[in-house]
Amino acid sequence: MTPRYWLMKSEPDVFSIDDLARRGTAGWDGVRNYQARNFMRAMKIGDQAFFYHSNARPPGVAGLMQVCREAYSDPTQFDPRDDHHEPRATRENPVWSQVDVRFVRKFSRLLPLDELRGVPALSELALFRRSRLSIQPVAPAQWAAVLVLAGLTPE
DNA sequence: GCCAACGTTGGC
DNA sequence: GCCAACGTTGGC
């Protein structure tokens with residue numbers, strides 16, 4: 001099956017692409033938005049994703065990663081001391097999900113939001129229209145256009 | 001089920 | 001740090 005493409009945001013002060021590069025894989029926990037959660041639940045092993053640095057100077061796409069474990073219960077929802085604790089969640093009926101991702105590569109330069117805005121092929125990116133959605137689908141043509149900006153040729 | 005108040009995201 | 005956008009909560 002053709003892999004699909006996504007964009008996933010993280011604040012680099014909290015978790016950056018360098019953190020992911022060091023660790024190799026990581027659980028994408030802490031997502032507390034239903035639409036973003038539902039996108040994660042739709043992800044399949046092998047799906048590819050942009051690692052987007054949000055709340056950064058400048059914000060932008062930092063590199064690539066790959067889904068290596070499909071959606072499962074986000075354990076932080078059960079921890080009363082965690083910022084992401086979810087009082088409504090029980091082990092039997094969890095509310096929030098996460099996937100695991102594997103580091104693929106860091107771009108040789110960050111592709112700033114400003115630059116992405118100027119690319120006609122990317123004008124429909126959800127990033128520009130649904131600014132608060134932390135996980136969003138990316139169309140194949142959009143994926144390819146970003147790889148070109150990054151100096152990589154689509155495979 | 002409406003909608004005002006509130007909280008969070010995230011660019012600037 | 002500000003604040004616009006927008007998702008969520010809760011009173012009615």
Side-chain angles (χ1 to χ4, degrees), chain A residues 4-23 25-43 47-67 70-101 103-139 141-151:
Chain A
R4 286 166 306 175
Y5 306 109
W6 308 92
L7 180 146
M8 302 171 76
K9 298 181 185 175
S10 177
E11 303 192 15
D13 288 349
V14 178
F15 187 74
S16 73
I17 193 158
D18 292 324
D19 295 323
L20 181 62
R22 264 191 298 278
R23 288 171 47 175
T25 66
W28 206 265
D29 61 13
V31 172
R32 295 295 180 269
N33 169 284
Y34 287 105
Q35 201 175 355
R37 178 202 70 180
N38 293 342
F39 283 134
M40 279 201 295
R41 288 183 175 177
M43 290 178 183
D47 281 5
Q48 294 182 273
F50 292 129
F51 194 128
Y52 180 87
H53 280 180
S54 64
N55 234 323
R57 287 195 300 274
V61 178
L64 307 178
M65 55 194 176
Q66 201 167 33
V67 175
E70 292 174 12
Y72 61 102
S73 180
D74 176 347
T76 64
Q77 69 192 304
F78 304 121
D79 181 354
R81 286 181 302 274
D82 195 283
D83 282 346
H84 297 106
H85 179 234
E86 172 56 75
R88 296 171 296 169
T90 63
R91 300 277 172 182
E92 296 72 30
N93 289 297
V95 179
W96 302 111
S97 301
Q98 67 178 74
V99 296
D100 287 355
V101 292
F103 176 76
V104 173
R105 71 189 301 159
K106 181 182 175 178
F107 290 160
S108 54
R109 66 182 183 99
L110 179 112
L111 306 179
L113 178 60
D114 261 356
E115 182 176 340
L116 303 180
R117 276 214 184 90
V119 179
L122 299 177
S123 64
E124 297 302 313
L125 266 191
L127 196 58
F128 310 138
R129 297 151 37 149
R130 299 283 319 288
S131 60
R132 294 189 46 190
L133 188 57
S134 63
I135 300 194
Q136 24 184 285
V138 172
Q142 296 168 334
W143 181 268
V146 172
L147 291 193
V148 169
L149 288 181

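In what follows, every chain begins at residue 1, and chains take the letters A, B, ... in the order their sequences are listed. Every value quoted in this text rests on a predicted model; they were computed, and no experiment measured them.
The phosphate of dT9(B) has neither OP1 nor OP2 within less than 4.0 Å of any side-chain N or O from Lys9(A).
A salt bridge (Lys or Arg N to Asp or Glu O under 4.0 Å) check over residues 109-119 of chain A, counting only residues at least two apart or in different chains, returns the pairs Arg109(A)-Glu115(A), Asp114(A)-Arg117(A). Pairs of residues two or more places apart, or lying in two chains, that qualify as salt bridge (Lys or Arg N to Asp or Glu O under 4.0 Å) and include a residue from residues 87-100 of chain A are Glu86(A)-Arg88(A).
Remark: Asp19(A) engages Arg22(A) in a salt bridge (charged side-chain N to carboxylate O under 4.0 Å, His left out) (not counting sequence neighbours). Evaluation of the side chain to side chain contact (heavy atoms under 4.5 Å, CB included) rule for Pro75(A) yields Gln98(A) as partners, not counting sequence neighbours. Arg132(A) is linked by a side chain to side chain contact (heavy atoms under 4.5 Å, CB included) to nothing, counting only residues two or more places apart in sequence or in another chain. The salt bridge (charged side-chain N to carboxylate O under 4.0 Å, His left out) test applied to Glu70(A) returns no partner, not counting sequence neighbours. Residues forming a salt bridge (charged side-chain N to carboxylate O under 4.0 Å, His left out) with Arg105(A) (at least two apart in sequence, or on another chain): none. Annotation: side chain to side chain contact (heavy atoms under 4.5 Å, CB included) contacts of Ala56(A) (sequence neighbours excluded): Pro12(A), His53(A). Legend: residues meeting salt bridge (charged side-chain N to carboxylate O under 4.0 Å, His left out) with Arg23(A), ordered by chain and number and at least two apart, are absent.
dG10(B) atom C1' lies 18 Å from atom CE of Met8(A), rounded to whole Å. For Leu110(A) and dG11(B), the CG to P distance is 11 Å, given to the nearest whole Å. Note: CD (Glu86(A)) to C1' (dT8(C)) measures 12 Å, nearest angstrom. Note: NE2 (His84(A)) to P (dT9(B)) measures 7 Å, nearest angstrom. In this structure, CG of Leu133(A) is placed 13 Å from P of dG11(B), rounded to the nearest angstrom. Here dT9(B) presents its C1' atom at 17 Å from NE2 of His53(A), a figure rounded to the nearest Å. To the nearest angstrom, P of dT9(B) lies 15 Å from OH of Tyr52(A). Counting to the nearest Å, the C1' atom of dT9(B) and the CD1 atom of Ile135(A) are 14 Å from each other.
In terms of position on DNA chain C, the residue among Arg57(A) and Arg132(A) whose nearest nucleotide sits closer to the 5' end is Arg57(A).
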Is there any protein nitrogen or oxygen under 3.5 Å from a nitrogen or oxygen in nucleotides 3-6 of chain B, and what are the pairs?
none

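Annotation: proximity of residues 120-129 of chain A to DNA chain C (heavy atom, distance under 4.0 Å) is found for Arg129(A), numbered in ascending order. Within residues 27-35 of chain A, the residues that place at least one heavy atom under 4.0 Å from DNA chain C are, in residue-number order, Asn33(A), Tyr34(A).
Using bins of under 30°, 30° to 60° and over 60° for the plane-to-plane angle, the ring pair Trp28(A)/Phe15(A) lands in the perpendicular bin.
In terms of heavy atoms, Ile135(A) sits closest to Val31(A) at CD1-CG2, 4.0 Å.
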